[in-house]
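To keep things clear, I will list the structure first and then write my remarks on it.
Here the structure is a predicted model, which means the values were calculated and not measured. Counting starts at 1 for both ligands and their atoms, in listed order.
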Amino acid sequence: MSKVALITGITGQDGAYLAEYLIKKGYIVHGIKRRSSMFNTDRIDHLYQDPHVENRNLILHYGDLTDSLNLTRIIGEIQPDEIYNLAAMSHVKVSFDTPEYTANADGLGVLRILEAVRLLNLIPKTRIYQASTSELYGLVQEVPQKETTPFYPRSPYAVAKLYGYWITVNYREAYKMHASNGILFNHESPLRGETFVTRKVTRAVGMQKKVYMGNLSSKRDWGHAKDYVRAMYAILQQDEPSDYVIATGITTTIRDFLRMAFAEIGVEIIFKGENVNEVAVLNYIDEKVFIERVGEVYLDNFRKRIGDEVVGVDPQYFRPTEVDLLIGDATKARTRLGWEPKYDLASLIEDMMLNDIKLMKKESYLKEGGYEVLNYFE
Ligand code: NDP
Ligand code: GDR
């Protein structure tokens, strides 16, 4: 008998990787997707199966974390062995604009899942993974951050996630639920949403004449989402539920991420100025690397840009309260789960850049009716 998993947030970055990972392990995967006026399943279209296919291993349900009746019905119908609660309004900056909705989805949404499992008498059967976050550490009280580090959330998103974290712990202790938190540090991939900093940068490197950024000095511990979904699965395979930090243990500034992303196509940038007046100027092109990565056809136009400002700062991207430094200590995950990341930051950036270069070429090709566009990198 195949195990049955339910993934909320299956249309997101992590949901897509996790669905693929579980299907490969022989699971029947159910996912909750939101109704939208356009298709919103791009990330999982390669896994999609027509409802008329027999013995499907991917089944999607309409739903929303703000709708407890809907969640309870779905969980009751499918009786999952494992629930991965990944759905959330996951953008920290946007949570300052939509704080009430964020609290509802990211905070109370967790409670709705836990309560559904309890009311449906599924506690002995269903294990629950809650997508907690390094944002809980916020104004960090200890460096590096580990499971015992006190929390100090710094955004409506993080405060909502704090509720999600503690209600998961509370249900575990009160009702002996197999409910665990993965405290995951930032993880990225070619599937990362376009407005998170890493993807914004990897898309912009070739596409935009100048990209405007927020705080260039903040530091993040970035891993690859593919590695991090392996940890989610491992957490639910443990006999005892518990909470785990998942991180690489290396932290890097946004500024250095930009340098590394440009270097992927052989371009050196130099930062000048300070605060809102800081810019990065295109200083040098290693033509061999550029041709190898991007193609000779784009080189002439790119050469003309030497000396141009390619990065600027726009305060609209600053956050009212910022998280300056995150660096995680994943010793517990390493020792108990045997979890190790396979990607480092360089290989993560390479993966993202190769993918975005491919996308750019495809888009430029399509835009111009099938003719190669020489000015794409202008
Ligand atoms: P994404 O933003 O890529 O995906 C979020 C998913 O949640 C999407 O499927 C989205 O649907 C869905 N969703 C949003 N609101 C609701 C709602 N009200 N009801 C149902 N579904 C909803 O996030 P990630 O994949 O990057 O992250 C997964 C989880 O892990 C999130 O909870 C996030 O907060 C958390 N996390 C992420 C980290 C990271 O670095 N990526 C680190 C630590 C924690 P739609 O596609 O329709 O928008
Ligand atoms: P974060 O990710 O807030 O850590 O939350 P994000 O990539 O948005 O920001 C990381 C850091 O980069 C700085 N920054 C910018 N960020 C964005 N988005 N756009 C910019 O132009 C920009 N310039 C600088 C930010 O200020 C910040 O310091 C992510 C989400 O996936 C959460 O859901 C998850 O919980 C945490 O990671 C761990």
Side-chain angles (χ1 to χ4, degrees), residues 7-19 31-36 38-44 61-67 70-71 84-95 98 101-102 104-106 108-110 112-113 129-138 153-155 157-158 160-161 164-165 181-189 191-201 204 211-225 228-229 232 246-247 252-255 257-258 311-319 321-326 328:
I7 304 177
T8 71
I10 193 165
T11 57
Q13 169 189 259
D14 293 4
Y17 283 118
L18 181 66
I32 292 182
K33 67 167 177 176
R34 299 193 283 183
R35 192 269 159 181
S36 99
M38 290 174 77
F39 286 128
N40 61 351
T41 52
D42 279 18
R43 291 187 177 104
I44 49 169
H61 308 259
Y62 283 110
D64 200 293
L65 274 204
T66 59
D67 182 342
N70 156 271
L71 294 171
Y84 295 87
N85 183 35
L86 309 185
M89 201 310 287
S90 72
H91 203 284
V92 173
K93 176 70 165 54
V94 175
S95 78
T98 61
Y101 172 73
T102 304
N104 194 354
D106 300 14
L108 288 179
V110 187
R112 294 186 181 104
I113 302 261
Y129 172 87
Q130 167 55 18
S132 285
T133 165
S134 51
E135 284 295 299
L136 295 172
Y137 299 119
R154 292 269 280 175
S155 62
Y157 166 78
K161 285 280 186 181
Y165 173 91
N181 286 288
I183 308 171
L184 272 49
F185 282 60
N186 298 52
H187 46 280
E188 321 292 316
S189 75
L191 297 186
R192 185 60 145 153
E194 290 86 348
T195 61
F196 296 99
V197 76
T198 55
R199 188 78 198 289
K200 176 170 169 177
V201 168
V211 61
Y212 287 90
M213 308 293 301
N215 179 5
L216 295 171
S217 301
S218 62
K219 291 179 161 183
R220 288 292 180 275
D221 178 333
W222 283 296
H224 198 301
Y228 286 44
V229 300
M232 296 176 187
I246 305 296
T252 309
T253 60
I254 311 301
R255 204 175 281 108
F257 188 96
L258 276 151
V311 179
V313 171
D314 182 340
Q316 71 159 304
Y317 299 113
F318 292 162
R319 289 148 190 209
T321 38
E322 175 62 290
V323 173
D324 294 318
L325 163 72
L326 290 173

Thr195, portion touching ligand 2 at heavy-atom distance under 4.0 Å: backbone
Residue pair Asp14 / Ile7, side-chain heavy-atom distance below 4.5 Å: no
From Asp106, Ile10, Asp14 - option closest to atom 25 (O) of ligand 1 by heavy atom: Asp14
Side chain, backbone, both or neither: the part of His91 lying under 4.0 Å from ligand 1 by heavy atom: neither
Nitrogen or oxygen of Glu322 less than 3.5 angstrom from that of ligand 2: yes
Phe185, any N or O under 3.5 Å of ligand 2 N or O: no
Ligand 2 atoms in contact with Ser218 (distance to a heavy atom under 4.0 Å): 11 (C), 12 (O), 13 (C), 27 (C), 28 (O)
Enumerated ligand 1 atoms positioned under 4.0 Å from heavy atoms of Ala88: 5 (C), 7 (O), 13 (N), 14 (C), 15 (N), 31 (C), 32 (O), 34 (O)
Asp64 N/O to ligand 1 N/O under 3.5 Å: yes
Side chains of Thr133 and Tyr157 in contact at under 4.5 Å (non-hydrogen atoms): yes
Polar atom proximity, Ser90 to ligand 1 (N or O, under 3.5 Å): yes
Per atom 31 (O) of ligand 2, closest listed option by heavy atom (Arg192, His187, His91): Arg192
Nearest candidate to atom 21 (O) of ligand 2, where distance is taken over non-hydrogen atoms, out of Arg154, Gln316, Lys200: Lys200
Shortest non-hydrogen contact between Ala87 and Gly9, atoms and distance: CB-N, 3.5 Å
Geometric class of the Tyr17/His224 ring pair [parallel <30°, tilted 30-60°, perpendicular >60°]: perpendicular
Nitrogen or oxygen of Ser134 less than 3.5 angstrom from that of ligand 1: no
Minimum side-chain heavy-atom gap Arg112-Thr66 below 4.5 Å: yes
Within-cut-off N or O pair, Gly214 and ligand 2, under 3.5 Å: yes
Atoms of ligand 1, numbered as shown, that sit under 4.0 Å from any heavy atom of Leu65: 17 (C), 18 (N), 19 (N), 20 (C)
Nearest option to atom 1 (P) of ligand 2, as decided by whichever heavy atom of Thr253, Asn186, Leu325 sits closest: Asn186
Proximal ligand 2 atoms for Val92, defined as those under 4.0 Å from one of its heavy atoms: 3 (O), 5 (O)
Protein contact to atom 29 (C) of ligand 1 [nearest heavy atom, distance to 0.1 Å]: Leu86 O, 3.1 Å
Proximity of His187 to ligand 1 by residue part, where a heavy atom lies under 4.0 Å: both
Atoms of ligand 2, numbered as shown, that sit under 4.0 Å from any heavy atom of Ser90: 30 (C), 32 (C), 33 (O)
Proximity of Phe318 to ligand 2 by residue part, where a heavy atom lies under 4.0 Å: neither
Residue part near ligand 1, for Tyr101, under 4.0 Å between non-hydrogen atoms: side chain
Atoms of ligand 1 close to Ala131 [distance to a heavy atom under 4.0 angstrom, numbered from 1]: 29 (C), 30 (O), 32 (O), 35 (C)
Numbered atoms of ligand 1 (with element) below 4.0 Å of Asn186, judged on heavy atoms: 40 (O)
Under 3.5 Å: N/O of Gly12 near N/O of ligand 1: yes
Protein heavy-atom partner closest to atom 36 (N) of ligand 1 - residue, atom, separation in Å: Tyr157 OH, 4.0 Å
Region of Lys33 that comes within reach of ligand 1 [heavy atoms, distance under 4.0 Å]: neither
Protein contact of atom 21 (N) of ligand 1 - nearest heavy atom, named by residue and atom, plus distance: Ala87 CB, 3.4 Å
Side chain, backbone, both or neither: the part of Ser132 lying under 4.0 Å from ligand 1 by heavy atom: backbone
Nearest non-hydrogen protein atom, atom 41 (N) of ligand 1: Arg192 NH1, 3.1 Å
Ligand-residue contact atoms, ligand 1 with Asn40, heavy atoms, under 4.0 Å: 47 (O)
Which of the ligand 2 atoms, numbered from 1, are nearer than 4.0 Å to a heavy atom of Glu135: 4 (O), 35 (O), 36 (C)
Ligand 1 contact by Ile32, heavy-atom criterion under 4.0 angstrom: no
Within-cut-off N or O pair, Leu184 and ligand 1, under 3.5 Å: no
For atom 47 (O) of ligand 1, the protein heavy atom that lies nearest, with its residue and separation: Arg34 NE, 3.2 Å
Taking atom 11 (O) of ligand 1 as the reference point, the nearest protein heavy atom with its distance: Thr11 OG1, 3.3 Å
Side chain, backbone, both or neither: the part of Ile254 lying under 4.0 Å from ligand 2 by heavy atom: side chain
Where ligand 2 meets Tyr157 - atom numbers and elements under 4.0 angstrom, heavy-atom basis: 32 (C), 33 (O), 34 (C), 35 (O)
Min side-chain heavy-atom separation Tyr129-Leu86 under 4.5 Å: yes
Donor-acceptor pair between Ser217 and Arg255 side chains, under 3.5 angstrom: yes
Residue selection (non-hydrogen contact nearest atom 25 (C) of ligand 2) among Arg319, Arg199, Arg220: Arg319
Shortest reach to atom 6 (C) of ligand 1 by a heavy atom, considering only Gly164, Gly193, Gly9: Gly9
Steps toward salt bridge (Lys or Arg N to Asp or Glu O under 4.0 Å) verdict (Arg220, Glu135): CA-CA 10 Å; Arg220 288 292 180 275; Glu135 284 295 299; 3.8 Å; yes
Residue Thr133 vicinity, atoms of ligand 2 by number, heavy atom under 4.0 Å: 34 (C), 35 (O), 36 (C), 38 (C)
Atom indices of ligand 1 within 4.0 angstrom of Thr133 heavy atoms, with elements: 43 (C), 44 (C)
Interfacing atoms of ligand 2 (cut-off 4.0 Å, heavy-atom, Ser134): 38 (C)
Lys200 side chain near Arg192 side chain, heavy-atom distance below 4.5 Å: no
